[in-house]
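Only one structure is covered here, and it is reproduced in the block below.
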Amino acid sequence: MKLLFLSLIGVMAGCAWAAAPKLIRGPYLQLATTNSMVIRWRTDRQTKGLVRYGLTAQTATNVIAHAGELTEHIIKLGALQPATRYFYSVGFETNGWLSPVTNTVTFVTPPPVGPARPTRVWVIGDPGTATADQRAVRDAFFQWNRGQAPDLWLMLGDNAYGAGTDAQFQGAVFSVYPWLLANAPLWPTLGNHDARSANSGTQSGIYYDIFTLPTQGQAGGLPSGTEAYYSFDYANLHFVCLDSQDTDRSKHGMMAEWLRDDLASTSRDWIVCFFHHPPYTKGSHDSDKRSDSGARLVEVRENLLPILEEGGVDLVLTGHSHSYERSYLLDGHYGYSTNLTASHFKNRGDGREDGDGAYRKPAGTQPRQGAVYVVAGSSGQVSGGKLNHPVNYVSLSKLGSVVLDVNGAELNLKFITQKAELRDYFTIRKP
Amino acid sequence: MLFYLRPFWPRRLGWLALLLWTWVAGAHGPWHEQILLVTEKLAQKPRDPELLAQRAELFLAHGFVDESRQDLVALETLQPGNLTNQLRRGWLELKARKTNAAIEQLTAWVKARPENLEGHFGLAQAYLLAGQPGAAETHLSRVLALSDEPRPELFLERAQAQVAAGLALTNTLAGLDEGIARLGPLPLLQKFAADLEMKRGEVAAAVARIQTIAARSERQERWLFLQGELFRQAGRTNDACGRYLAARSAWQALPDKLRRSYVATELRQQIDARLAEFTAASDR
Ligand SMILES: [Fe+2]
């Protein structure tokens with residue numbers, strides 16, 4: 001009898017447990033615009049999904065549900081105020097909640113065009129090793145940033161080793177950055193390892209299933225028609241994400257043509273472009289070798305850099321080499337490193353206010369003011385190389401991540417190691 | 001689904017993915033490792049059809065047409081009459097630029113599998129290579145109808161094939177509008193459509209297409225200039241001049257740092273050159 005009673009309790013407990021779905025991924029923030037935010041999460045079983053949100057934890061009583069019963073939940077919150085903090089949590093059925101609304105799960109909508117405001121971006125490249133090194137880089141950023149979330153963050157590809165499978169994304173992204181994913185919108189680009197389970201031509205596979213990215217210029221910029229490459233705005237910044245892995249990289253391909261038009265259509269003060277394959281590197285990859293990575297490094301440099309520089313790009317962020325490499329202020333160098341001449345350097349100082357001085361892009365009508373190129377592929381591992389590309393002021397085989405701060409006429413970039421040490425920094429100023 | 005990408009490929013597009021990938025991007029490094037891996041496995045099981053098929057596809061993806069052909073011949077011997085080998089052979093002949101053989105194989109394949117994207121895409125490429133854009137556009141249309149999220153390029157490729165085949169511009173424009181409806185007002189599709197509108201004398205429609213891009217753009221000078229170009233091409237001098245002047249005003253209103261991109265300075269020179277043309281003409 002006692003045994004039967006215990007089993008009954010067991011069955012009832014089992015039922016009660018089965019009744020509440022479990023949150024196994026997210027929530028994570030996507031496609032942030034000045035008036036909308038996409039919230040995604042995964043549950044262990046199919047259920048209706050809900051988001052409740054509001055301007056304080058106490059007043060988070062607006063509720064939005066999606067249709068049907070799903071395990072992959074995607075809800076877009078619309079009619080939001082720009083530059084406003086919202087408190088939220090996700091739930092199921094009609095009134096079940098997977099987490100309380102607290103001060104620790106919030107998002108801030110991007111500010112509108114207008115007065116510049118301080119913007120902080122966290123940038124990680126090739127992070128997806130799911131190792132202690134990856135977690136150390138994450139923790140060092142949190143320590144350095146005093147536990148605060150950045151305004152947004154970028155992932156420069158190879159987000160989940162070795163083949164970008166769903167399980168690998170779970171282990172290398174969702175399990176490593178749960179708090180950040182819930183508190184700051186993530187904008188990724190496709191790496192070669194991610195591409196083993198994804199296809200840009202058909203926008204299908206795991207990477208494209210996981211991320212909700214703009215195809216219609218929803219977050220600013222011109223519509224690209226594909227999630228493989230896109231642009232978006234944040235305050236006085238225009239971000240451009242290219243697909244250097246799996247999309248036609250030719251000079252007059254669809255991506256290149258879109259890029260020309262997009263750059264000529266933005267009126268933001270700063271243009272930051274990111275993609276996976278670095279145009280200048282002597283790390284675990286070599287941008288002087290056409291055979292490296294199917295000529296992607298060379299093609300990006302020869303075909304896409306001229307468009308970026310002619311369109312006024314200020315900063316280019318890449319990964320692929322598992323190192324930190326940062327250039328001087330450069331312009332017009334599309335050949336091999338042996339063809340580099342003094343004329344390609346717009347400024348050959350360190351770019352530091354307390355050193356040779358910030359890189360300045362002076363007033364006047366003279367075009368082609370230069371850009372800085374950063375390889376930030378050491379957010380999950382380091383793997384050496386000669387680290388002697390002559391365009392670079394700094395080349396480090398150090399674990400770490402990049403913090404990008406833009407405030408009005410000033411752009412500051414810092415490289416923070418896995419021990420939260422500042423190992424490089426520079427400033428670009430525009431009048 | 002048979003192909004290399006199968007283990008982590010949830011949808012039906014593995015084969016197409018592989019070929020699109022190599023078509024667009026060229027083959028490279030990691031595939032070498034894959035070939036070595038499969039070759040090692042084949043040493044244990046030399047008559048394993050799955051492995052032979054994998055290696056044939058990898059060779060093809062890597063541009064080793066002859067090696068791929070050897071594996072495929074072995075595979076065909078093991079599996080006489082296997083339908084999927086027809087698709088493989090079709091793509092092999094396409095890569096070998098034997099267009100007639102490719103068309104023959106792929107036609108047979110799509111007859112058996114009319115819903116198969118890979119077959120239609122291969123046939124379209126084969127017909128384009130063979131200089132038969134009319135037939136190519138039929139299969140590109142099938143690819144577009146069968147794709148959930150088609151590449152933007154496909155709409156342009158189809159429109160180009162239709163123009164090359166001399167099809168009615170109305171149909172081509174409708175095809176581009178289908179792309180715009182599905183993917184959004186992509187600048188390149190709208191610009192191509194604007195050119196076609198000009199070809200059929202619809203200047204206002206052409207200008208309106210450029211306006212749809214302008215409506216999404218924070219800056220106007222480039223689009224006003226393009227509209228000026230369309231009016232100029234149509235001989236509507238006053239309208240053209242009006243747009244060039246508006247483009248110049250928009251340019252002048254830009255903050256200094258935006259004017260200093262090479263593209264912006266070049267555009268200013270183009271605007272000024274056009275305006276100088278008109279001044280010269282009115283002085284004569
Ligand atoms: Fe990589």
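If you're wondering where the values come from, they're calculated on a predicted model, not measured in any experiment. Below, read A as the first sequence line, B as the second, and so on, with proteins coming before strands; counting in each chain starts at 1.
Side-chain contact between B/R260 and A/Q369 is present, with heavy atoms from C-beta onward closer than 4.5 Å. Counting heavy atoms from C-beta outward, A/S265 and B/W223 have side chains that approach closer than 4.5 Å. Considering only heavy atoms from C-beta on, A/M254 stays 4.5 Å or farther from B/E157 through its side chain.
Rounded to the nearest 0.5 Å, atoms OG (B/S261) and CG (A/D314) are 10.5 Å apart. A distance of 13.0 Å separates CZ of A/R268 from NZ of B/K257, quoted to the nearest 0.5 Å. The distance from the CG atom of B/L188 to the CH2 atom of A/W258 is 12.5 Å, given to the nearest 0.5 Å. Note that OG1 of A/T215 and CZ of B/R182 are 12.5 Å apart. Values are rounded to the nearest 0.5 Å.
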Hey, mind stepping through A/D261 and B/K191 against salt bridge (Lys or Arg N to Asp or Glu O under 4.0 Å) and telling me if it holds? CA-CA 11 Å; A/D261 288 335; B/K191 285 192 279 187; 2.8 Å; yes

Between B/R222 and A/R260, is the side chain to side chain contact (heavy atoms under 4.5 Å, CB included) condition met? List the steps. CA-CA 11 Å; B/R222 180 185 184 85; A/R260 282 188 185 90; 4.1 Å; yes

Margin query: Show, in sequence, the C-alpha distance, side-chain angles and deciding distance for A/T202 and B/E149, and conclude whether the side chain to side chain contact (heavy atoms under 4.5 Å, CB included) test is met.
Written below: CA-CA 6 Å; A/T202 52; B/E149 291 175 284; over 6 Å; no

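A pairwise comparison of heavy atoms in A/P223 and B/R216 identifies CG-NH1, 4.1 Å as the closest pair. Between A/L222 and B/P187, the closest heavy-atom pair is CD1-CG, 3.7 Å. Nearest heavy atom pair, residue B/L186 against residue A/G225, reads CD2-N, 3.3 Å. The two residues A/G201 and B/R151 have their closest heavy-atom pair at O-CG, 2.7 Å.
With hydrogens and angles ignored, the 3.5 Å screen pairs a side-chain donor or acceptor of A/Q216 with a backbone N or O of B/L183. Judged by distance alone, the side chain of B/E218 and the main-chain N or O of A/T266 form no donor-acceptor pair under 3.5 Å.
Only the side chain of B/L258 has a heavy atom closer than 4.5 Å to any heavy atom of chain A. Looking at A/E257, the atoms closer than 4.5 Å to chain B (heavy atoms on both sides) all sit in the side chain, from C-beta outward. There is no contact between B/L254 and chain A, counting heavy-atom distances below 4.5 Å. Contact of A/D233 with chain B is made through the side chain alone, with heavy-atom distances under 4.5 Å. Within the 4.5 angstrom heavy-atom criterion, no atom of A/S250 approaches chain B. Interface remark: B/E221 contributes side-chain atoms only to the contact with chain A (heavy atom separation under 4.5 Å). The contact between B/P150 and chain A is made entirely by backbone atoms, counting heavy-atom distances below 4.5 Å. Residue A/I271: no heavy atom, backbone or side chain, is found under 4.5 Å from chain B.
A 6.0 Å sphere centred on OH of B/Y262 holds no more than 12 heavy atoms belonging to other residues, nucleotides or ligands.
Chosen from A/G312, A/S224, A/G253, the residue pairing most often with chain B at heavy-atom distances under 4.5 Å is A/S224.
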